[in-house]
Undergrad: 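Supplied in structure tokens, the structure appears directly below.
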Amino acid sequence: MSNKNIGWQILNMTEAKAAETEFTVVVSGLGRSGTTMVGKALTAGGLFMGVNMANVIHEDVGLSNGIENGDLAAVRKFVTTRNGKFQRWGFKRPMIVKHDALLEKELRKPRYVIIFRDPLAVAMRNGLSLGFALPAALGVYHQQLAEIVAFVQRSKSPLLLASYEKTLLDQEGFAQALAQFCGIPVANVPAMVKIIRPNDEAYLVATRPRTA
């Protein structure tokens with residue numbers, strides 16, 4: 001048995017769940033932790049994520065707002081429409097797993113991809129993008145990480161937990177694991193690998209603080 005830390009792990013994937021062909025993929029984690037990269041990789045692999053590749057932040061704002069605001073009518077409209085079009089589809093939103101009770105009730109057999117990143121890197125990115133002082137940003141990281149960990153501990157759904165830093169050391173290995181977890185054909189993995197890279201320039205520009 002190898003003791004190599006590959007940087008990602010799947011939890012709660014029983015044989016019965018692995019055999020399912022219809023499900024919904026939820027990409028989440030802390031903000032600025034790599035959720036955009038994962039969402040874009042899934043889109044590149046052919047999974048419908050509610051936005052096109054040109055969407056820099058890659059968030060399905062309509063569905064996410066419905067979930068966060070508890071607008072069940074809006075959520076059910078999105079879900080019904082997409083379930084009718086796709087066997088498998090997904091969306092990305094940082095911290096959306098705080099609403100897992102609603103997700104479990106309204107989504108079709110959800111699977112979660114949760115990305116983790118070095119706390120200082122996340123805090124510094126929030127400082128650059130949102131103007132947070134570093135001590136405050138580290139406090140936000142600590143609070144939000146506790147919420148993510150609580151979700152992981154209570155969830156019974158399939159989870160793919162991944163380290164952002166480790167994915168960059170083995171893009172192909174992570175892309176293969178992500179594709180298998182999300183029902184994406186192996187032939188689409190090379191397109192996913194191209195997306196898994198740090199410091200995407202378009203993202204950095206889009207998240208630059210606005211000046212008056």
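As a basis for the values below, the full set of heavy atoms in this structure was taken, side chains included, without hydrogen atoms, waters or symmetry mates.
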Undergrad: Would you say that Gln144 contacts Val122 through its side chain, given a criterion of any heavy-atom pair below 4.5 Å between the two side chains?
TA: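 Gln144 vs Val122: side chains apart.
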Undergrad: Take Leu168 and Met37 through the test side-chain contact (heavy atoms from CB on, under 4.5 Å) and record every step on the way to the result.
TA: CA-CA 11 Å; Leu168 299 180; Met37 180 185 73; 4.2 Å; yes
Undergrad: If you round to the nearest 0.5 Å, how far is CG of Asn69 from OG of Ser64?
TA: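 The CG atom of Asn69 is 10.5 Å from OG of Ser64, to the nearest 0.5 Å.
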Undergrad: Just verifying a value: how many Å separate Asn83 CG and Trp89 CH2, rounded to the nearest 0.5 Å?
TA: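 The distance works out to 6.0 Å.
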Undergrad: Do Ser33 and Arg125 touch side chain to side chain, with heavy atoms closer than 4.5 Å?
TA: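 Sidechains of Arg125 and Ser33: no contact.
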Undergrad: With rounding to the nearest 0.5 Å, note down the distance linking CD1 in Ile96 to CD in Glu68.
TA: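 Here the interatomic distance stands at 4.0 Å.
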Undergrad: When hydrophobic residues are tied together by side-chain contacts of less than 4.5 Å, even through go-betweens, does Phe151 share a cluster with Leu102?
TA: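 Yes, Phe151 and Leu102 fall within the same hydrophobic cluster.
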Undergrad: How long is the span from the OG1 atom in Thr167 to the CZ atom in Phe116, to the nearest 0.5 Å?
TA: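 Rounded to the nearest 0.5 Å, the OG1-CZ separation comes to 13.0 Å.
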Undergrad: With the side chain counted from C-beta on, respond yes when Tyr164 and Asp118 share a heavy-atom pair under 4.5 Å apart, and no when they do not.
TA: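 A side-chain contact under 4.5 Å is absent here.
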Undergrad: Spell out, as yes or no, whether a donor-acceptor pair under 3.5 Å connects the side chain of Arg111 to the backbone of Lys17.
TA: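 Yes, Arg111 side chain to Lys17 backbone: donor-acceptor pair under 3.5 Å.
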Undergrad: Looking at every non-hydrogen atom in both residues, tell me the closest pair between Lys194 and Arg197 and how far apart they are.
TA: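 The pair with the smallest heavy-atom distance is O-NH1, 2.8 Å.
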Undergrad: Kindly compute the distance separating CG (Leu72) from CD1 (Ile67), expressed to the nearest 0.5 Å.
TA: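 CD1 of Ile67 is found 10.0 Å from CG of Leu72.
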Undergrad: Please tell me if the side chains of Arg32 and Leu128 come closer than 4.5 Å, counting only heavy atoms from C-beta onward.
TA: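 Not in contact.
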Undergrad: Quick check on Lys77: does its NZ atom have over 12 non-hydrogen neighbours (other residues, nucleotides or ligands) under 6.0 Å away?
TA: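 No, the 6.0 Å shell around NZ holds no more than 12 heavy atoms from other groups.
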Undergrad: Test of understanding: with side-chain contact (heavy atoms from CB on, under 4.5 Å), list the residues that count as partners of Ser157, not counting sequence neighbours.
TA: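 side-chain contact (heavy atoms from CB on, under 4.5 Å) list for Ser157, sorted by chain: Glu104, Pro110, Tyr112, Ser155.
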Undergrad: Scan Thr36, Asn52, Thr43, Thr35 and name whichever one has a side-chain hydrogen bond (donor to acceptor under 3.5 Å, both in side chains) with His58.
TA: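 Among Thr36, Asn52, Thr43, Thr35, the one that satisfies the side-chain hydrogen bond (donor to acceptor under 3.5 Å, both in side chains) with His58 is Thr43.
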Undergrad: With a 4.5 Å cut-off on side-chain heavy-atom distances among I, L, V, M, F, W and Y, is there a chain of contacts connecting Val193 to Ile6?
TA: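 Different hydrophobic clusters.
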Undergrad: In plain terms, say whether Glu22 and Lys109 are close enough for a salt bridge, that is, a side-chain N and a carboxylate O under 4.0 Å apart.
TA: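 Salt bridge absent between Glu22 and Lys109.
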Undergrad: Quick one: does any side-chain atom of Asn188 pair with a main-chain N or O of Gly45 as donor and acceptor, under 3.5 Å?
TA: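 Judged by distance alone, yes, a pair lies under 3.5 Å.
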Undergrad: Between Ala137 and Phe132, what is the shortest heavy-atom contact and its length?
TA: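 In terms of heavy atoms, the two residues are closest at CB-CB, 3.9 Å.
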Undergrad: side-chain contact (heavy atoms from CB on, under 4.5 Å) for Arg82 and Thr24? Distances and angles first, verdict last.
TA: CA-CA 10 Å; Arg82 292 176 186 180; Thr24 310; over 6 Å; no
Undergrad: Grouping I, L, V, M, F, W and Y whenever their side-chain heavy atoms are under 4.5 Å apart, do Leu103 and Ile148 come out in a common cluster?
TA: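 Both belong to a single hydrophobic cluster.
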Undergrad: Are side-chain heavy atoms of Asn5 and Lys166 found at a separation under 4.5 Å?
TA: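 Yes - at least one pair of side-chain heavy atoms lies under 4.5 Å apart.
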Undergrad: Please tell me if the side chains of Arg117 and Leu30 come closer than 4.5 Å, counting only heavy atoms from C-beta onward.
TA: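 No. Closest side-chain heavy atoms not under 4.5 Å.
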Undergrad: Closest heavy-atom contact between Gly29 and Ile114?
TA: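 Answer, listing the atom of Gly29 first, then Ile114: CA-CG2, 4.2 Å.
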Undergrad: If you compare all heavy atoms of Arg88 against all heavy atoms of Leu47, which two are closest, and at what distance to 0.1 Å?
TA: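 Closest approach of Arg88 to Leu47, heavy atoms only: O-CD1, 3.5 Å.
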Undergrad: Donor-acceptor check, side chain of Arg108 to backbone of Gln87, threshold 3.5 angstrom: yes or no?
TA: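 At least one qualifying donor-acceptor pair exists.
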Undergrad: Can you name the closest pair of heavy atoms from Ile196 and Ala41 and give their distance?
TA: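 Here Ile196 and Ala41 meet closest at CG1-CB, 4.3 Å.
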Undergrad: Please list, one pair per line, the donor and acceptor atoms closer than 3.5 Å that link side chains of residues 169-181 to other protein atoms, with sequence neighbours excluded.
TA:
unit_1 : atom_1 : unit_2 : atom_2 : d
Asp170 : OD1    : Gly173 : N      : 2.9
Glu172 : OE2    : Gln176 : NE2    : 3.4

Undergrad: Test of understanding: clusters of I, L, V, M, F, W, Y form through side-chain heavy atoms closer than 4.5 Å, transitively. Do Met49 and Met192 belong to the same one?
TA: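 The answer is yes; both residues are in one hydrophobic cluster.
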Undergrad: If hydrophobic clusters are built from ILVMFWY residues whose side chains come within less than 4.5 Å, do Leu11 and Val38 share one?
TA: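 In one cluster: no.
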Undergrad: Checking side-chain contact (heavy atoms from CB on, under 4.5 Å) against Arg154, which of Asp100, Val97, Val149 comes through?
TA: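 That would be Asp100; it is the only one of Asp100, Val97, Val149 passing the side-chain contact (heavy atoms from CB on, under 4.5 Å) with Arg154.
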Undergrad: Check whether Ser28 reaches the backbone of Met95 with its side chain - one donor and one acceptor, N or O, closer than 3.5 Å.
TA: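 Yes, Ser28 side chain to Met95 backbone: donor-acceptor pair under 3.5 Å.
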Undergrad: Less than 4.5 Å apart, any side-chain heavy atom of Phe91 and any of Leu107?
TA: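 Sidechains of Leu107 and Phe91: in contact.
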Undergrad: Distance check, rounded to the nearest 0.5 Å: Leu145 atom CG versus Leu138 atom CG?
TA: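 The CG atom of Leu138 is 12.0 Å from CG of Leu145, to the nearest 0.5 Å.
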Undergrad: Report yes if some heavy atom in the side chain of Val61 is under 4.5 Å from a heavy atom in the side chain of Val51; otherwise report no.
TA: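 Sidechains of Val51 and Val61: no contact.
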Undergrad: Any idea which heavy atoms bring Arg93 and Asn65 closest together, and the distance?
TA: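 Result for this residue pair: NH2-OD1, 4.1 Å.
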